[in-house]
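Because the structure is a prediction, the values reported are computed rather than measured. Protein chains get the first letters and strands the later ones, always in sequence-line order, with residue 1 at the start of each.
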2 protein chains.
Amino acid sequence: MRAPQSQFESTSQAAALPVRRSGNGRKASADSPDTRFDRQLAKVLQHAARIFCDKGFEGASMRDLSRAAGMSLAGLYHYFSSKEELLYLIQKHTFETIIASARTRLEKSADPEERIRIFIENHLEYSLANKEAMKVLTHEDDTLKNDQGAEVRAIKRDYYRICLDLLEDLRKVKGLQFSSRLAVLSLFGMINWIYTWHNPRVDPDAAELARGMGDLFLGGVVSNGKTKRKTSAPGPK
Amino acid sequence: MRAPQSQFESTSQAAALPVRRSGNGRKASADSPDTRFDRQLAKVLQHAARIFCDKGFEGASMRDLSRAAGMSLAGLYHYFSSKEELLYLIQKHTFETIIASARTRLEKSADPEERIRIFIENHLEYSLANKEAMKVLTHEDDTLKNDQGAEVRAIKRDYYRICLDLLEDLRKVKGLQFSSRLAVLSLFGMINWIYTWHNPRVDPDAAELARGMGDLFLGGVVSNGKTKRKTSAPGPK
DNA sequence: ATAAAGTCCGAACGAACGTTCGGTAACTAG
DNA sequence: CTAGTTACCGAACGTTCGTTCGGACTTTAT
């Protein structure tokens, strides 16, 4: 929930974006990561995530947003160049944060099964602590087009790949047989669906949820992987 | 006053909607379940589902829809009274169809585990055969407000309840211990997430997908339900 | 002090939105 | 045939949309 560094480059499209850099060469002090610009942008991004979460990207108007952020319509455009870029900034920041967190936590264990549990718990903890941003991630999954969409999709693929590797480690070490793709997408289904139903007043917190879903998923993968022959039942072709 | 509406009736709000019934009073010929009106409405609904699926409910314009349906903007309003009602008709019809199909198929078995597999397979088969409508169901989950929203939400609760009952049957018969709510929501996560990734050219068909997810889910539920302890029994592999 | 840069706003732009209205063909009933 | 209903459309309504522009106040640099 901290401010994003203002390294907001599109990476693509080198044009036209009003982008400020925080620590540009001027100042003597090496780096000031939080400029006024950065702090205000972070605040706007947070309000925007809430509005996009509530009304959807297309359903939310810039006027809704200006009301929520307590800033004039025109004033908003000081911080980004279009509504689309706003969505891009939210999605990119959210993905990068959760990936960084996962990578850090995964360093602490070498056991394949425990690493999968760590991955799940990290995802659930971040999801429940940042519900709005996570809903915007999944709900506006294919809203962004062109370069910005491709970039976010690439980051998402990284995240997917982390989980896939964890599962293939497990499979090798335990000598199991199952489709990693099907398993990882089932797991993502479980943990990404939570935003549609989780109610903090009735449902468990992230840690217990992670334990329950970890049990369910790992129990399923392990118990089936052991006895399974892949081309089993003749079935309909 | 004006006309439309047929077997897709709106049980809530008795006012203001243009209502028309299909087989009203007169026709002698045995069954005309399909009047011209009904057939045209069904066609429009199908086009609308595709457009809503592609661009989202808010992102889709009535002009997009009129182009897709090959009908003028004004002509569309002969069949429904607002864009919102259009979404309502799609969602209601989809839910009712999948529920009816599930109920019919479930009659054919009394074994709790097999019944869960039937439920999963029914859901996946319908989902893959009606991708657009299913995406509109889940993606525009909280778009509808007021009476129409409440009605769709009630139908959805029925569907959830069917699955919950199946799981509690399993738990009783097998003497397992697990949270039915967590289990059913995890299962829904798996099977509803499919629309975000399934590619018919690479991924298995509904039957094999249902087998795989049934194995995963039932394996997890059963193996964990038996030993209320943490996972990974110390037993040697 | 003066200049430059950064921050923010009121007002307006043209385009697109959902919906309505008056009318016109086509079909159906008697 | 005529009368009436059904199916549909062109054109427009009023509103809201994302975005822009010129200017003004505030902070920073010299």
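- Judged by distance alone, the side chain of A:Ser101 and the main-chain N or O of A:Thr97 form no donor-acceptor pair under 3.5 Å.
- Here D:dA7 presents its P atom at 14 Å from CZ of B:Phe80, a figure rounded to the nearest Å.
- Between B:Ala183 and B:Phe217, the closest heavy-atom pair is O-CE1, 3.4 Å.
- Among the candidates A:Leu128, A:Ile194, A:Thr94, the single residue satisfying the side chain to side chain contact (heavy atoms under 4.5 Å, CB included) test with A:Met134 is A:Thr94.
- For the pair A:Ile51 CD1 and D:dG18 C1', the interatomic distance rounds to 16 Å; values are reported in whole Å.
- Remark: B:Ser61 is in phosphate contact with C:dC17, judged by side-chain N or O atoms under 4.0 Å from OP1 or OP2.
- The shortest heavy-atom contact between A:Tyr159 and A:His123 is OH-ND1, 2.6 Å.
- Distance CZ (A:Arg63) to P (C:dC17): 16 Å, rounded to an integer number of Å.
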Collect all protein-nucleotide pairs involving nucleotides 8-11 of chain C in which both atoms are nitrogen or oxygen and the distance is under 3.5 Å.
unit_1: C:dC8; atom_1: OP1; unit_2: A:Arg36; atom_2: NH2; d: 3.2
unit_1: C:dC8; atom_1: OP1; unit_2: A:Gln40; atom_2: NE2; d: 3.1
unit_1: C:dC8; atom_1: OP2; unit_2: A:Tyr79; atom_2: OH; d: 2.1
unit_1: C:dC9; atom_1: OP2; unit_2: A:Ser72; atom_2: N; d: 2.6
unit_1: C:dC9; atom_1: OP2; unit_2: A:Ser72; atom_2: OG; d: 3.0
unit_1: C:dC9; atom_1: O5'; unit_2: A:Ser72; atom_2: OG; d: 3.3

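- Atom NZ of B:Lys43 and atom P of D:dA7 are 13 Å apart (whole Å).
- Between A:Tyr88 and A:Phe80, the distance separating the two ring centers is not shorter than 6.0 angstrom.
- What separates CD of B:Glu85 from C1' of C:dT20 is a distance of 16 Å, to the nearest Å.
- Atom OH of A:Tyr77 is separated from atom P of D:dG23 by 22 Å (rounded to the nearest Å).
- With B:Glu151 as the partner, the side-chain hydrogen bond (donor to acceptor under 3.5 Å, both in side chains) test is satisfied by one option alone out of B:Lys92, B:Lys156, B:Gln91: B:Lys92.
- Atom CE in B:Met62 sits roughly 14 Å away from atom C1' in D:dC9 (whole-Å rounding).
- When each of D:dG18, C:dT19, C:dT7 is scored by its nearest atom to the side-chain atoms of A:Phe37, the top-ranked nucleotide is C:dT7.
- When heavy atoms are screened at a 4.0 angstrom cut-off, B:Ala69 is found touching no nucleic acid atom at all.
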